[in-house]
Amino acid sequence: MMTKVTLRNLTAHKLRLALTALSVVLGVAMVAGTFIFTDSMSKQFDDLFAGIGKNVAVDVRAKQAVQSGSDEQVSSRPPVPAALADELRKVEGVKDVVGNVGGYAAVIGKNGKTVATLGPPQMGMNWVNGGDYDIQSGRAPQGPSEVAIDEATMKKAGYGLGDRARILLQGPTQTMTVVGVIKTGNMMGATVTAFDTATAQRLLLKPGYFNDIQLVSSGVGETVLRDRVARTLPGDVEAITGSALRDELKDDIQQLLSFLQVLLLVFGLIAVFVGAFIIFNTFSMLVAQRTRELALLRAIGASRRQVTRAVMGEALGVGIVGSTIGLLAGVGLAAGLQALMSDGSEGSTGLTFTVTPVIWSYAVGVTITLISAYFPSRRAAKIAPVAAMRDDVALPQRSLRRRAGIGSALTVLGAGLVVAGIADAGPEPLLLLGIGVGMVFIGVAVLAPILSKPVIRVLGGVFPRLFGTPGRLARENALRNPRRTAATASALMIGLALVSAINVVNSSAVASIGRSVDRQFGADYMIISETQGGFSPDAIKAVGQAPGVDQATAMYVGNINVNGKRASVLSGDMAGITEGAKLKMLSGSTDLGADGLLVDEDTAKSNDYKVGSTLPAQFTDGARQQLRVAGIYEKNDVIGSRLLSEQAYLAHTAKPLAFMGMVQVATPGTASKQAVEGALRDYPNLQVQDRSEVKESFQKQLDQVVVFFTILLAMSIIIAAVGVINTLALSVVERTREIGLLRAVGVSRRQLRRMIRLESVVIAVFGALLGIGIGVALGAAVQNGLADQGLDILKIPVVTLVVYVVLGGVIGMLAALWPAWRAGRMDVLKAIATE
């Protein structure tokens with residue numbers, strides 16, 4: 001019987017259950033779409049790497065003396081001499097030897113813009129017949145003035161065979177004739193530019209050197225051939241199997257995909273978390289509206305367990321339907337993400353389906369729905385059978401005092417975990433931070449009914465004066481059921497809290513960077529690259545010869561091992577760095593010689609360095625050297641924590657690339673800037689920025705991050721808006737008789753609609769204020785935790801936060817349109833007759 005009751009309720013209230021299921025759909029769609037997208041990308045990369053070096057049995061390369069880091073601009077492996085290839089041909093079992101050259105090379109289109117800048121890799125290489133790619137049309141490049149370009153880049157650049165194309169390198173731009181079109185398949189935005197070997201060595205690496213040498217076997221197993229080759233190699237060169245090489249390439253991509261998957265899943269789970277509030281609120285209202293019905297079921301013999309099962313059965317139905325639709329929506333989301341990643345070339349593959357997104361979709365959607373509906377179902381089961389005979393039957397409610405205790409405890413404990421996570425305490429600080437933020441949200445949501453009364457009284461205090469009776473009724477309706485109001489507002493609170501926290505951190509970062517630039521940037525202009533990696537220091541030499549330029553300094557960045565640990569270092573001419581970065585020495589001297597190292601005060605203190613201390617160091621070329629601490633300087637955010645002797649850096653770097661340049665001019669102004677820009681005409685990827693432009697550039701980059709995260713959080717805000725619609729729609733049904741009586745005593749349809757809209761607005765603004773309050777506190781905590789890392793100014797973006805409050809009101813207004821319209825269309829007599 002109870003199964004029939006469950007099915008009847010599901011079919012009898014399609015609209016309200018559809019709105020409830022929509023919360024599940026949106027959250028599950030992000031979860032499912034993330035898994036499908038990353039699985040598809042993983043499959044595409046597997047297919048791509050299966051073709052790379054497919055004939056390679058052994059790869060010979062320099063040993064990696066220093067682990068690479070995200071802040072390093074050049075490869076951490078030194079090149080190997082091309083002469084080594086002749087020796088490898090003599091090893092028994094070697095059929096062919098191929099030397100590879102790789103580096104940065106991009107294509108400037110006919111419109112004068114680079115086909116791609118930051119993002120997908122822009123790969124330059126030497127053309128090898130029988131290598132990983134084929135020539136689709138034309139021929140292979142020969143000589144110093146010929147180039148072959150991949151098909152997708154050719155289309156984007158607008159070039160054809162025989163055209164003269166501008167090739168952007170880390171040195172001066174080269175103009176070359178396009179003689180071949182490379183067939184690559186879908187490279188997901190990456191470009192491939194090929195030269196003959198001698199040209200590639202000159203432009204991308206170093207004449208007479210390869211990045212690595214690959215061996216083709218004559219039939220010998222790759223492990224056996226590797227061991228034979230290894231016995232002939234010098235100590236600074238190693239041999240690995242072709243399988244190991246391909247696995248390394250896959251691992252690098254898998255790390256990136258794993259990060260992307262975790263990032264997207266976090267925001268998907270946030271959306272599901274918000275949806276849980278909506279589902280809980282919806283089922284609470286549904287159960288409240290059917291209190292008499294459920295009590296009658298108890299009166300005719302249904303047990304508590306059966307009533308609970310009936311409500312949970314409805315939740316199960318909603319969860320299954322919502323998860324199914326969400327899974328299908330996730331397919332569309334994954335297809336959209338894949339389309340954004342595609343470069344439009346042939347060879348793109350479709351989506352990859354595995355069992356993982358299916359399992360996760362139903363596990364997340366159904367589980368969250370059942371958990372959210374469990375507590376309302378338990379309350380429904382506690383209704384005494386005799387309550388069915390009463391007109392004022394209502395669900396039992398727990399004391400607000402108990403809520404105050406539980407909510408306060410959760411909030412305080414969550415705040416403690418947030419602080420621990422920011423302070424990097426424990427083995428998993430990010431996990432602590434996530435759990436802490438979740439507990440704060442739940443704690444505040446538990447406290448929200450207590451907070452709602454005073455806040456809504458204040459917010460709605462002006463309603464009676466401005467809107468008369470509809471305003472007074474709207475305020476009283478919002479106050480009538482604080483638990484319902486709080487649950488609705490809490491859903492909106494979460495999304496706006498996270499967006500507000502991101503904005504607080506962003507504003508603080510912009511202010512902190514601005515002050516650091518003002519205090520520590522003494523150069524007139526900074527030269528930076530729009531593209532990946534570094535650029536040739538020849539560009540800085542050209543600037544140094546421009547009229548009016550007093551000094552131009554190339555700055556290098558890299559990694560070395562110090563006392564066995566990887567350390568990031570900056571290097572360059574010390575006179576230029578001292579003036580350009582306003583370097584303030586606390587002790588010692590800037591005379592570094594061939595073995596000097598400067599450290600900032602924090603590094604010196606944490607490692608107990610003194611002026612004159614000697615440190616064992618190893619460079620990327622494998623060479624070891626004792627470095628001397630020549631001096632200690634005041635903390636400087638422009639140059640970081642270590643300054644290495646330029647002589648030492650250049651001596652151990654095969655192809656030094658600058659990551660930034662600092663310029664001092666005799667008379668700063670438009671003419672000086674034009675002179676610097678004129679000296680860089682062969683380097684179109686380089687930008688010249690004064691101090692204000694440097695700050696503006698950082699702000700733009702940070703603003704892009706804020707926009708990215710806000711877009712990801714938009715799903716949770718949309719779900720919250722659906723929750724407001726759901727709450728109002730159900731409250732209209734619940735108050736059908738009341739609405740009929742209001743209409744009977746003279747309230748017009750317009751006044752009735754205004755009442756519902758105002759009620760929605762005050763609830764949404766309450767949620768926005770809760771969210772902004774939490775967001776500001778969370779952002780301030782992050783800023784305080786990162787103060788010693790340069791984020792030393794707390795700035796609250798007041799105007800932005802006010803906009804969010806207004807946005808909350810707009811969301812409330814829009815969410816109320818349909819429920820208000822529906823209420824206004826009610827038949828007065830039928831509404832009054834409703835029980």
Side-chain angles (χ1 to χ4, degrees), residues 9 12-16 19 281-296 376 380 383 387-397 449 452-453 456-457 459-489 723-764 766 812-835:
N9 284 324
H13 305 286
K14 300 181 183 68
L15 181 59
R16 68 188 185 189
L19 288 172
N281 198 30
T282 301
F283 272 93
S284 295
M285 294 181 69
L286 291 176
V287 169
Q289 291 174 14
R290 292 161 48 200
T291 301
R292 191 179 180 91
E293 171 192 331
L294 296 173
L296 284 170
I383 301 173
M389 311 301 174
R390 296 170 52 189
D391 290 332
D392 60 344
V393 58
L395 286 175
Q397 299 289 347
S452 66
K453 287 189 175 183
I456 288 179
R457 285 190 189 280
L459 293 176
V462 297
F463 282 4
R465 298 177 186 175
L466 297 177
F467 305 106
T469 300
R472 182 178 297 105
L473 290 172
R475 183 188 63 184
E476 295 305 317
N477 284 335
L479 290 169
R480 180 189 301 180
N481 193 329
R483 289 177 173 84
R484 178 191 304 169
T485 297
T488 307
V724 177
I725 296 173
N726 220 3
T727 300
L728 291 174
L730 290 173
S731 69
V732 166
V733 174
E734 185 180 77
R735 304 199 305 254
T736 299
R737 187 174 185 181
E738 174 188 323
I739 290 171
L741 289 171
L742 288 172
R743 293 279 286 117
V745 299
V747 174
S748 66
R749 289 185 176 181
R750 184 177 181 181
Q751 288 176 315
L752 181 65
R753 290 168 180 160
R754 179 177 293 174
M755 177 191 76
I756 293 174
R757 288 196 297 268
L758 291 174
E759 179 184 351
S760 177
V761 168
V762 76
I763 292 174
F766 171 56
M813 181 69 72
L814 295 176
L817 292 178
W818 177 69
W821 173 83
R822 190 180 183 196
R825 286 176 55 86
M826 283 186 181
D827 183 276
V828 176
L829 295 178
K830 289 182 178 179
I832 294 174
T834 302
E835 293 186 2

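Since we're looking at a predicted model, the values are computed, not measured.
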S.K.: Let me confirm one number: the CD-CD1 distance from E476 to I456, rounded to the nearest 0.5 Å.
M.R.: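 The CD1 atom of I456 is 10.5 Å from CD of E476, to the nearest 0.5 Å.
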S.K.: For T485 and A478, indicate whether the former's side chain and the latter's backbone hold a donor-acceptor pair under 3.5 Å.
M.R.: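 Yes, because the side chain of T485 sits within donor-acceptor range (under 3.5 Å) of the backbone of A478.
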S.K.: Check each of L758, V724, T488 against I763 using the side-chain contact (heavy atoms from CB on, under 4.5 Å) test, and report the only one that passes.
M.R.: T488
S.K.: Mind checking what makes side chain to side chain contact (heavy atoms under 4.5 Å, CB included) contact with V761, not counting sequence neighbours?
M.R.: V765, M813
S.K.: List in chain and number order the residues that pass side-chain hydrogen bond (donor to acceptor under 3.5 Å, both in side chains) with S760, two or more places apart in sequence or in another chain; answer none if no residue qualifies.
M.R.: none
S.K.: I'd like to check the side chain to side chain contact (heavy atoms under 4.5 Å, CB included) partners of A823; sequence neighbours left out, ordered by chain and number.
M.R.: V732, I739, L752, I756
S.K.: Tell me every residue that passes side chain to side chain contact (heavy atoms under 4.5 Å, CB included) with L817, counting only those two or more places apart in sequence or in another chain.
M.R.: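 Partners of L817 under the side chain to side chain contact (heavy atoms under 4.5 Å, CB included) test: R757, L814.
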S.K.: Tell me, with the steps shown, if M755 and V747 meet side-chain contact (heavy atoms from CB on, under 4.5 Å).
M.R.: CA-CA 10 Å; M755 177 191 76; V747 174; over 6 Å; no
S.K.: List the residues meeting side chain to side chain contact (heavy atoms under 4.5 Å, CB included) with R750, not counting sequence neighbours, and say none if there are none.
M.R.: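 Result, side chain to side chain contact (heavy atoms under 4.5 Å, CB included) vs R750: S748, R754.
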S.K.: Are side-chain heavy atoms of E738 and N477 found at a separation under 4.5 Å?
M.R.: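 Heavy-atom side-chain distance check passes, below 4.5 Å.
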S.K.: Which atoms form the tightest heavy-atom contact between A489 and F766, and what is the distance?
M.R.: CB-CD2, 3.5 Å
S.K.: Just grab all the ring-ring contact (aromatic ring centres under 6.0 Å, His included) pairs involving residues 460-487, residues at least two apart or on different chains.
M.R.: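 Listed once each, the pairs are F463-F467.
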S.K.: Side chains of V762 and R475: does their closest heavy-atom pair fall under 4.5 Å?
M.R.: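 With C-beta onward as the side chain, the pair stays apart.
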S.K.: Considering all heavy atoms of both residues, which atom of P449 and which atom of P482 are nearest to each other, and what is their separation?
M.R.: O-CB, 3.7 Å
S.K.: With sequence neighbours excluded, give me every side chain to side chain donor-acceptor pair (under 3.5 Å) pair touching residues 462-473.
M.R.: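 Non-adjacent pairs meeting side chain to side chain donor-acceptor pair (under 3.5 Å): zero.
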